[in-house]
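Taking it in order: structure first as structure tokens, then the write-up.
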2 protein chains.
Amino acid sequence: MSTGGVTGHAPTLEMVAARAGVSRATVSRVVNGSPKVSPDVAEVVREAIAALNYVPNRAARSLASRRTQAIALVVPESTSRVFNDPFFATLVQGVGLALAPTEYTLSMLIESETGSEKTRRYLLGGNVDGALVASHHTGDHSYAHVSQSLPVVFGGRPLDPTESVTHTVDVDNAHGAEIATQHLIDRGRQRIATIAGPQDMPPGVDRKRGWATALERAGLPDDAVEYGDFSPASGAIAMRRLLERHPDLDAVFAANDQMAIGAYSAIADAGRSIPGDVAIVGFDDDRYASTAMPPLTTVHQPSLEMGAEMARTLVRIIEGDEVASTTLLPTSLVIRQST
Amino acid sequence: MSTGGVTGHAPTLEMVAARAGVSRATVSRVVNGSPKVSPDVAEVVREAIAALNYVPNRAARSLASRRTQAIALVVPESTSRVFNDPFFATLVQGVGLALAPTEYTLSMLIESETGSEKTRRYLLGGNVDGALVASHHTGDHSYAHVSQSLPVVFGGRPLDPTESVTHTVDVDNAHGAEIATQHLIDRGRQRIATIAGPQDMPPGVDRKRGWATALERAGLPDDAVEYGDFSPASGAIAMRRLLERHPDLDAVFAANDQMAIGAYSAIADAGRSIPGDVAIVGFDDDRYASTAMPPLTTVHQPSLEMGAEMARTLVRIIEGDEVASTTLLPTSLVIRQST
DNA sequence: TTGTAGGCGTTATCAG
DNA sequence: CTGATAACGCCTACAA
């Protein structure tokens, strides 16, 4: 059998102890920053550590202490999707930001080729102290069961509220949709349609609900609805249908920016102008929103905050603090030129 | 002290052994698929495992076996950069693809907020059996030292060739630049300039060298050079200067697509047409290349293959096989409308 | 303040 | 084929 190509043996705590002329316990104390070690001894130990270039072995440490100081971010989506959806980039940044001042390490598990079984084993195999599960639009909580054996924080509420066995950080989708629609109303629009998302995804239903709420309160009709799947193409199709069935519409709330962008082309094809003939507002505030022509008014999705809040929540749970089981992050409207 | 919020204790190998009425050793054999276990005993053990929902503890396993079955992909760049550079998306896919049939788990370490010291400790702390280091254009090998204690495979050659203490998978940048330039020559272009990348990054120097090689072979001048930093803006500036100093140029090879895109605008501003007045070819074949107007002829960067090859190489090293210290991946020309 | 000793859950080496 | 019995490297009462 081979050695694995590596030359030197990693120095152990024992070796440090020998070199420093103290016991392993003392070295351990120094390494873990225990206050009850005399300064001079600590100094000697630190020198030995530096001289040997010692780094504690995680496996041993975690076996003994029953904690790994690592948390996993599992993303139940395809690799390409993860990398092409700006939402994730920001979310990861948020997580990293929140974890920076802590001792926790983040390890990302993208479920493309990895397979959920491998992921499950990873999570349950004592690799991490907790997990963050983030899927964008889908309210996928297929990892709900692992929360029975491991602290888990989900991004986005589950589809079935009763399933909420664990902690969730979500964006206030309903309220966001409501202020978006209210903005349209304030602009004097009378016939406001919506391109809703799939009704089997929480954001899809929540955003549609928010739209209806605003309309109802204003005494306006809420019957102009078409559904898309959050893709630009589906947005175009939905918009076309909306224009056919409700020729009098003068505004539309799209459940996400990508569908809104799709709607742009359908509106142009119909010979109508934005925002002159029809005003449009999206949701997410992704990179397409600001570069669209005209720039899209949209609801800002606090992805950075979401990542950070998820991480903070998880750490609290791990450390044994009491934490609210659901955190709702506020959304805000970004007004551009499409309204 | 708190329990960490988790309810049940994880079942141990010992518990499985008890339930199955065998020794721990036997359970371990079954778990690891050892052939020397009688079928009936194995069956009983498997049932016990299923009944208890047992998952081996990684820390213990890795402590005892001195291997973690995990590898790290460290990306020494900012989070936003990682997520906005299509190169990484594909690279990660390649890694995942190559790892799928193996028992290795991938954990991504993005060096945004994480900090290199934390990363170093992670790598040296026995968390992984090996590491993949990938930076896009920068030949950053600041992790070279860890290769002394851990198998490491780098993506992209180091800036200083003598520093190559370890394994590297690289794209044949020089050859790619050469065929790109040759293509321009074949198209009958006579005055071929280049927008080169930073000369402190390997791809920057290799691509410039390839360009010069082709020109020299054809007996054409290779003095029209301007430098950029791989960003679109820098490409525009370089192109403007090129047009000023060499008004007779009829073609340009840009060291990457983003700079090529930047050059597009400078060429347009100068009132010249692409490819009529000046032909242009880029490098990378990223998503901007195909959507540019006109679509950009470019050198395809085999990022998927690169990721896969890096992973395969690392696994081989870990398993103790002999592996060539440098693998050069071939590049190919994608001809579109800019030439 | 420091050292001693036992154990964390697995693997691996030997006997049987 | 199966079962004791050491490690593996570190943490943590408990003792000194």
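Values in this document were obtained by computation on a predicted structure and should not be read as measured data.
Rounded to whole angstrom, the span from the CG atom of A/L52 across to the P atom of D/dC10 amounts to 12 Å. Remark: P of D/dG9 and CG of B/L124 are 15 Å apart, rounded to the nearest angstrom. Taking atom NZ of A/K36 as the reference point, atom P of D/dC14 lies 12 Å away to the nearest angstrom. In this structure, CZ of A/R58 is placed 18 Å from C1' of D/dC8, rounded to the nearest angstrom. Straight-line distance from the CZ atom of B/R24 to the C1' atom of D/dA4: 9 Å, rounded to whole Å. Atom CZ in A/R67 sits about 14 Å away from atom C1' in D/dT12, given to the nearest Å. The CG atom of A/N32 sits 15 Å away from the P atom of C/dT2 (whole-angstrom rounding).
Residue B/V41 is in sugar-phosphate contact alone, with no base atom involved, counting any heavy-atom pair closer than 4.0 Å across all strands shown. Looking at heavy-atom distances under 4.0 Å, B/V22 makes contact with sugar-phosphate atoms alone, never a base.
Each of B/V37 and B/S65 lies near DNA chain D, and the nucleotide nearest B/V37 is the one positioned closer to the 5' end. Between A/S28 and B/A60, the one whose closest nucleotide on DNA chain D sits nearer the 5' end is B/A60.
Counting only heavy atoms from C-beta on, B/L13 has its side chain closest to C/dT10 among C/dA5, D/dT2, C/dT10. Of the candidate nucleotides C/dG3, D/dA4, C/dT1, D/dA4 has the atom lying nearest to any side-chain atom of B/A25. For B/A64, counting side-chain heavy atoms from C-beta on, the closest listed nucleotide (C/dT10, C/dG3, D/dC11) is C/dT10. In the set D/dG3, D/dT5, D/dG9, the nucleotide with an atom closest to the side chain of A/L63 is D/dG9.
When each of A/T313, A/L314, A/V153, A/V315 is tested with A/V323 by the rule side chain to side chain contact (heavy atoms under 4.5 Å, CB included), just one qualifies, namely A/T313.
Applying the 4.0 Å criterion to OP1 and OP2 of D/dG9, one finds that A/R61 has every side-chain N and O outside that range.
A donor-acceptor contact closer than 3.5 angstrom links the side chains of A/N32 and A/R61. Side-chain N/O atoms of B/D40 and B/S38 include a donor and acceptor closer than 3.5 Å.
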Next on the checklist: Walk me through whether A/E319 and A/R67 qualify under salt bridge (Lys or Arg N to Asp or Glu O under 4.0 Å).
Outcome noted: CA-CA 11 Å; A/E319 323 247 284; A/R67 45 200 282 120; 3.7 Å; yes
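For A/R29 and C/dG3, a side-chain-to-base donor-acceptor distance below 3.5 Å is present, hydrogens and geometry of angles not being considered.
With B/R29 contributing its side chain and B/V37 its backbone, the two residues share no donor-acceptor pair below 3.5 Å.
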